Amino acid sequence: MGQVGETSLANAASLLFSLLALALSAVFALRQSKIMRDSNLVPVLTDLFKEFRDPSFKEHMSYIQFSLWGECPPSETGMTGLTPEARSHVAPVMGLFTTVGLLVAHGVIDELIPASSMGGSVLRSWARLSPYIYEERERRNDPHYGVFFENLAYRALRNPPARLKRRMRLKRMPRQWFFAGWEGHPPEEVAALFAPPPVGASQPPTAKPYAAPPSQRTPGYLSDVSGPQDAEGSTDESDTRRANHADQDPRRGHG
């Protein structure tokens, strides 16, 4: 009887180890698949962003924003009725955003990538081109014409800067500091300035970064801003305390 029990335990242990090995193999296989997918995705994203940042693409965007409606009134034409010049500007923009929207719809890229890098351009383009797309759908009797572009615009709309900041956990620099202000300060002091204050602490960190006098401030330097603001306009309280503490540095009056 004892021998049978030992055999059963050995079989159970063997089965358990086999299942564990199988699970680990599956995890490693999925991880390897993701790594390969991401590595294959890099060239695709690089090409898309290269096209998006090309000066000619900016010219197309400018034409759509400021000239298209005047030359081709939306109420009188769809996409097929555009003039050759208008089509030469519209086609590259709609083509790029349709491609990106297609990749997002199929889950190839996360919607946060285009929303955070070209969301504003997508929404401005959709606002100008959507009347032509709706008209073209009526003419073609095709309710799905331009749907991937529309899908991309919707995802950009539901991810405004404030939501992107929360979802991506973006951090913001204090607006009144620039790199030269850290010269001569130990790294631990600089790190302490941006570290969250201890729970229950009533005093800000002891770091005293140098703030340049008015004569040395760079363009856009705002001395009256007490701390960084997020996309919704709220100011981080801990950064405000640190900035107020730094304002007491006697070296601010030198120079």
Side-chain angles (χ1 to χ4, degrees), residues 30-31 33-66 68 89-130 133 146-179 191 193-196 218-222 225-240:
L30 290 174
R31 182 174 180 83
S33 175
K34 184 179 184 303
I35 292 174
M36 293 179 62
R37 176 185 173 185
D38 291 345
S39 63
N40 293 331
L41 186 60
V42 170
V44 176
L45 291 176
T46 300
D47 290 341
L48 289 175
F49 284 123
K50 182 178 180 181
E51 181 178 352
F52 176 69
R53 294 190 174 97
D54 191 274
S56 62
F57 190 85
K58 302 303 180 184
E59 293 177 5
H60 299 324
M61 290 285 299
S62 179
Y63 176 89
I64 291 172
Q65 188 72 21
F66 301 109
L68 178 61
H89 291 288
V90 170
V93 173
M94 188 169 176
L96 176 64
F97 291 150
T98 296
T99 300
V100 177
L102 177 68
L103 295 175
V104 171
H106 285 281
V108 178
I109 61 176
D110 190 284
E111 66 179 44
L112 294 183
I113 296 177
S116 60
S117 58
M118 57 180 69
S121 297
V122 170
L123 291 174
R124 286 192 296 272
S125 298
W126 176 257
R128 287 290 174 175
L129 296 178
S130 57
I133 294 174
V147 69
F148 291 113
F149 180 17
E150 184 174 16
N151 172 71
L152 182 66
Y154 170 79
R155 292 172 185 265
L157 181 65
R158 78 174 185 179
N159 286 290
R163 190 163 188 253
L164 287 171
K165 178 179 180 292
R166 291 193 300 268
R167 293 186 65 182
M168 301 174 67
R169 299 181 180 180
L170 300 178
K171 304 301 180 183
R172 307 294 288 270
M173 287 289 291
R175 294 174 64 179
Q176 70 270 45
W177 304 109
F178 57 96
F179 183 79
L193 180 71
F194 297 102
T218 57
Y221 182 103
L222 301 178
V225 177
S226 59
Q229 293 185 348
D230 61 21
E232 296 177 319
S234 62
T235 303
D236 189 280
E237 183 179 354
S238 60
D239 286 326
T240 301

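On a predicted model such as this, the values are computed, not experimentally measured, just so you know. Positions are given from 1, in the same order as the sequence printed here.
Here salt bridge (Lys or Arg N to Asp or Glu O under 4.0 Å) pairs that include residues 146-156, with residues two or more places apart or in two chains, are Glu111-Arg155, Arg137-Glu150. Under the salt bridge (Lys or Arg N to Asp or Glu O under 4.0 Å) criterion, no residue pair touches residues 94-104, with sequence neighbours excluded. Applying the salt bridge (Lys or Arg N to Asp or Glu O under 4.0 Å) test to every pair with at least one member in residues 92-107, sequence neighbours left out, gives no pairs at all. Pairs of residues two or more places apart, or lying in two chains, never qualify as salt bridge (Lys or Arg N to Asp or Glu O under 4.0 Å) while including a residue from residues 92-110.
When side chains are defined from C-beta on, Val100 does not count as touching Ile113, because their heavy atoms never get closer than 4.5 Å. You'll find the side chain of Leu68 reaches within 4.5 Å of the side chain of Leu129, heavy atoms only. Looking only at side-chain heavy atoms (C-beta outward), Val44 and Val108 stay at 4.5 Å or farther from each other. The closest side-chain heavy-atom distance from Val104 to Pro114 is below 4.5 Å. Trp126 places none of its side-chain heavy atoms less than 4.5 Å from the side chain of Leu152.
The nearest pair of heavy atoms linking Thr98 to Met94 is OG1-O, 2.6 Å. Taking every heavy atom of both residues into account, Phe149 and Val122 meet most closely at CE1-O, 4.1 Å. Shortest non-hydrogen contact noted between Asn151 and Ala105 is ND2-CB, 3.9 Å. Minimum interatomic distance between Val93 and Ser125 (heavy atoms only, all atoms of both residues): CG1-OG, 3.7 Å.
Under the side-chain contact (heavy atoms from CB on, under 4.5 Å) criterion, Ser117 pairs with Phe49, sequence neighbours left out. The side chain to side chain donor-acceptor pair (under 3.5 Å) search around Thr99 returns none, not counting sequence neighbours. Under the side-chain contact (heavy atoms from CB on, under 4.5 Å) criterion, Ser121 pairs with Phe52, Met61, Phe97, Arg124, not counting sequence neighbours. In terms of the ring-ring contact (aromatic ring centres under 6.0 Å, His included) criterion, residue partners of His89 (sequence neighbours excluded) are, by chain and number, His60, Tyr63. Shown here are the side-chain contact (heavy atoms from CB on, under 4.5 Å) partners of Leu123, two or more places apart in sequence or in another chain: Ala153, Ala156, Leu157. Under the side chain to side chain donor-acceptor pair (under 3.5 Å) criterion, Ser56 pairs with Asp54, sequence neighbours left out. Taking the side-chain contact (heavy atoms from CB on, under 4.5 Å) definition, one finds that Ala127 meets it with nothing, sequence neighbours left out.
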